[in-house]
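What you are looking at is a predicted structure, and each value in this text was computed from that prediction instead of being measured.
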Amino acid sequence: MFWIKHRKTILWILYALFFLHAYIWYALGYHRIGQFGFGEIFLTLKTGIVTAGTIFVIVVFIHALFFGGLFCGWFCHWGVTQDVFAWILKKCGIKPVMRHLDSKYIQWTWFIVLIAQVVLYWWFNGFPTTVEFNPSYTEVWAGNPKAIFMICMTCIISGFLLIFLFGERAFCRSICTFRLWFSWFDKFAPYKIRKEKDCSACSNECTNSCFMDINVAKEIKINGVINNTSCVKCFKCMGSCPHNVLNASFKKNESESNQKIDYPVPQFDSLSSTLQVIICVIFLHLLCYNIGGNMTLSSSFVMGFVLIHIWHSKSISLFEALLIPLCAVGLYFGNDMNPITSLIKGIIAITIFILIAKYIGFKKGFEFLDSMPEKVKTSKALILLMLIPAIYFGIMEVSASYYLQQAETARINKDWVTYADIYEKWGEYGNNKRQLYFDLGKIQLINLNRFDKSEKSFEKSFDLSYNEKLLIETVEVYLDKGLPLQAKNLVLHMIEKGHDSPAIKEILENTEKELAAKKAFVLGH
């Protein structure tokens, strides 16, 4: 079959198109088509603005009505990335062990958060009364880390680490909310992998090739079709079968059935999943606005197992002792917007992780996952202990969401005082903080004359995503308003952060001249 034979080539082409899309937006400045992301559907529900991402979601969902989760197997950039990470680990002599992770708790947690944000928006602003088509409304990389080092940390935590501990596509199997959606479509989508003929001899090649932890041989033997809703139709099982028993089609065979397939007991009990959700609530408040939902959910998932291990063993392993500081330091210093230093630090961090995984190894800290589930059950005492900060941070998270929605209403009503007051206090909890702080700085500067506060807001914005053209325009606004000191301070801050160029030096000279002229004027009077 063509698709099986050329799978890797097709996936690389798709990933090249993904990066080309970002390159066209940022490097070439062509802002006609914005972000293609599933989160855009929630934006449309809130505001009535139909973006390129909204159309993308509708098309994908229509496709899923017929093909189920095929999108995840072929078109999801993060799915392809995980496949690359698994390949790299294997090339480094590290073979991930597939572990049965039958939990949807964290997937549902993030889904509820997304829905809650829509409900809060409706509460303050009402339902959208108009529909507006604006394909480029959302920035291509909005809500995602832009610093190369932070992208590398995402690759470590949500990619290499999860795959190393729990097997290929671990993120898809227990963390990705969108994979949860596709599992719903898969319940009635007609396109499935089916048995074409009887298997004359079987060494479970199909099951061993499946990165979604599906017992393909058992499903086919009992039902004649893969009914498991985790199937992403990647066709790897079809390609691995030496007898060409399997084929993907819409046509149902007469011998097909829908009997329940017994799978192994998951590697953790329901209390373990509950603990992960509790940690997720804490991490969402402490980390999500800085590192994004992807890494927050992945970190929560792994930290649950770390706490279980430490609680039971009353000790910390060498693997954990090295892993936790690596992730903590990486996340803390992750927003390095200098592309060269950021890339170097990212490569070093990935190299360190691979060395830890290879030479310290799984058995130095997570070997308890090989035990029977009843031996690694989560203690209720640990649940109660973690529940205390979770309740506090949950209240803080609800409060932040409440006030941020008030700020959005104030923006719509052009109530700039309320808008600025809220974001000056709660801005750290907003999405797309680069744009948030830039807009806040403009309002503080132009509408409210809060000059010193505007300078700090612009610094935060440019620290998150540096844009020389915007910086120059901002400095010119300061100069036009007779504020050369604030303009100079902003330029010097950017130079200290490593952003230096002839244009920046020229504008620094202009600010110094303006400042000198202002001082001379004051002294002359």
Side-chain angles (χ1 to χ4, degrees), residues 78 81-82 84-97 99 106 144-168 170-171 174-175 275-276 279-280 282-311 313 315-369 386 464:
W78 191 245
T81 306
Q82 290 179 82
V84 173
F85 294 156
W87 176 82
I88 292 173
L89 288 176
K90 291 175 183 176
K91 286 295 181 180
C92 293
I94 305 168
K95 187 176 181 180
V97 178
R99 303 189 180 280
I106 285 188
N144 296 299
K146 297 178 178 63
I148 296 175
F149 187 27
M150 187 63 82
I151 294 172
C152 291
M153 291 307 302
T154 302
C155 294
I156 291 174
I157 296 174
S158 296
F160 287 112
L161 177 58
L162 288 176
I163 294 169
F164 173 69
L165 294 178
F166 309 112
E168 295 183 54
F171 184 89
S174 277
I175 297 175
L275 175 65
Q276 288 168 327
I279 298 171
C280 187
I282 297 172
F283 278 21
L284 281 172
H285 183 78
L286 296 177
L287 302 177
C288 185
Y289 301 104
N290 292 316
I291 67 176
N294 184 313
M295 273 199 289
T296 300
L297 301 180
S298 301
S299 301
S300 304
F301 190 77
V302 174
M303 186 55 67
F305 286 104
V306 171
L307 288 178
I308 293 170
H309 174 237
I310 294 174
W311 183 270
S313 66
S315 64
I316 185 169
S317 69
L318 180 58
F319 180 85
E320 293 159 332
L322 295 172
L323 173 68
I324 295 174
L326 172 66
C327 294
V329 171
L331 296 180
Y332 184 80
F333 295 102
N335 284 317
D336 179 0
M337 296 306 298
N338 185 303
I340 297 176
T341 59
S342 192
L343 177 61
I344 292 172
K345 288 191 289 187
I347 293 173
I348 291 173
I350 291 174
T351 303
I352 290 173
F353 173 80
I354 291 177
L355 291 175
I356 292 172
K358 183 175 179 64
Y359 294 106
I360 302 301
F362 181 85
K363 294 184 179 180
K364 299 292 184 179
F366 279 76
E367 73 274 10
F368 72 96
L369 290 176
M386 297 303 298
L464 292 170

**Q** Does R99 come within less than 4.0 Å of E168, counting only side-chain N to carboxylate O?
**A**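 Not counted as a salt bridge, because no side-chain N and carboxylate O are separated by less than 4.0 Å.
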**Q** For F171 together with F166, are the ring centres under 6.0 Å from each other?
**A**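 Ring centres of F171 and F166 not closer than 6.0 Å.
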**Q** Could you pull out the closest heavy-atom pair between I175 and L162, with the gap in Å?
**A**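 So the two residues come closest at CD1-CD1, 3.6 Å.
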**Q** Mind checking the CG-CD1 spacing from L326 to I157? Nearest 0.5 Å is all I need.
**A**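 So the CG of L326 and the CD1 of I157 are separated by 8.0 Å.
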**Q** First locate atom CG of L307, then atom CD of E320, and finally report the distance between them rounded to the nearest 0.5 Å.
**A**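 The CD atom of E320 is 9.0 Å from CG of L307, to the nearest 0.5 Å.
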**Q** Could you list all the ring pair (Phe, Tyr, Trp, His ring centres under 6.0 Å) pairs where at least one residue sits in residues 144-163, not counting sequence neighbours?
**A**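 Every pair satisfying ring pair (Phe, Tyr, Trp, His ring centres under 6.0 Å) with a residue in residues 144-163: F85-F160.
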**Q** Within the 4.5 Å heavy-atom criterion, are M295 and C288 side-chain neighbours or not?
**A**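 Not touching, per the 4.5 Å side-chain cut-off.
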**Q** With rounding to the nearest 0.5 angstrom, report the CD to SG distance, Q82 to C155.
**A**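 It is 10.5 Å, given to the nearest 0.5 Å.
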**Q** Does the side-chain contact (heavy atoms from CB on, under 4.5 Å) test come out yes or no for I360 and L355, once each step is laid out?
**A** CA-CA 8 Å; I360 302 301; L355 291 175; over 6 Å; no
**Q** Are any of the side-chain heavy atoms of K345 and I148 separated by less than 4.5 Å?
**A**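 They are not in side-chain contact.
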**Q** For residues P96 and G167, report the shortest heavy-atom separation together with the two atoms involved.
**A**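 Shortest heavy-atom contact: CB-CA, 4.0 Å.
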**Q** Go through it in stages, so that I can follow the logic: the residues are F353 and L323, the test is side-chain contact (heavy atoms from CB on, under 4.5 Å), and I'd like the CA-CA distance, side-chain angles, deciding distance and then a yes or no.
**A** CA-CA 7 Å; F353 173 80; L323 173 68; 4.0 Å; yes
**Q** Atom OG in S174, atom CD1 in I106: separation rounded to 0.5 Å?
**A**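 Between atom OG of S174 and atom CD1 of I106 there are 8.0 Å.
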**Q** Could you check I279 against F301 for side-chain contact (heavy atoms from CB on, under 4.5 Å), going step by step and ending with a plain yes or no?
**A** CA-CA 8 Å; I279 298 171; F301 190 77; over 6 Å; no
**Q** Listed by chain and number, what are the salt bridge (charged side-chain N to carboxylate O under 4.0 Å, His left out) partners of K358, not counting sequence neighbours?
**A**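 Applying salt bridge (charged side-chain N to carboxylate O under 4.0 Å, His left out) to K358 gives none.
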**Q** Taking everything shown except W311 itself, do over 12 heavy atoms lie less than 6.0 Å from its CH2?
**A**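 For W311, atom CH2 is crowded (more than 12 foreign heavy atoms under 6.0 Å).
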**Q** Do the non-hydrogen side-chain atoms of I354 and F164 ever get within less than 4.5 Å of each other?
**A**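 A side-chain contact is absent here, since even the closest heavy-atom pair is not under 4.5 Å.
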**Q** Using side-chain contact (heavy atoms from CB on, under 4.5 Å), reason through M303 and Q276 one step at a time and then give a plain yes or no.
**A** CA-CA 7 Å; M303 186 55 67; Q276 288 168 327; over 6 Å; no
**Q** Going by heavy atoms in the side chains, are M386 and I282 under 4.5 Å from each other?
**A**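 Yes, close enough: below the 4.5 Å cut-off.
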**Q** Is any side-chain heavy atom of I316 less than 4.5 Å from a side-chain heavy atom of V306?
**A**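 Side chain of I316 against side chain of V306, heavy atoms only: no contact under 4.5 Å found.
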**Q** For S299, what residues pass the side chain to side chain donor-acceptor pair (under 3.5 Å) criterion, not counting sequence neighbours?
**A**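 With sequence neighbours excluded, S299 shows a side chain to side chain donor-acceptor pair (under 3.5 Å) to no residue whatsoever.
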**Q** Taking side chain as C-beta onward, heavy atoms only, is S315 less than 4.5 Å from I310?
**A**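 In short, these two side chains do not touch, never coming nearer than 4.5 Å.
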**Q** So, taking the atom named CD1 in I88 and the one named CD1 in I94, what distance separates them when rounded to the nearest 0.5 Å?
**A**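 If I round to the nearest 0.5 Å, the distance is 10.5 Å.
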**Q** What distance separates L275 CG from S300 OG, expressed to the nearest 0.5 Å?
**A**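 OG of S300 is found 10.0 Å from CG of L275.
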**Q** Quick check: closest heavy atoms across W78 and S158, and the distance to 0.1 Å?
**A**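 That closest heavy-atom pairing would be CZ2-CB, 3.5 Å.
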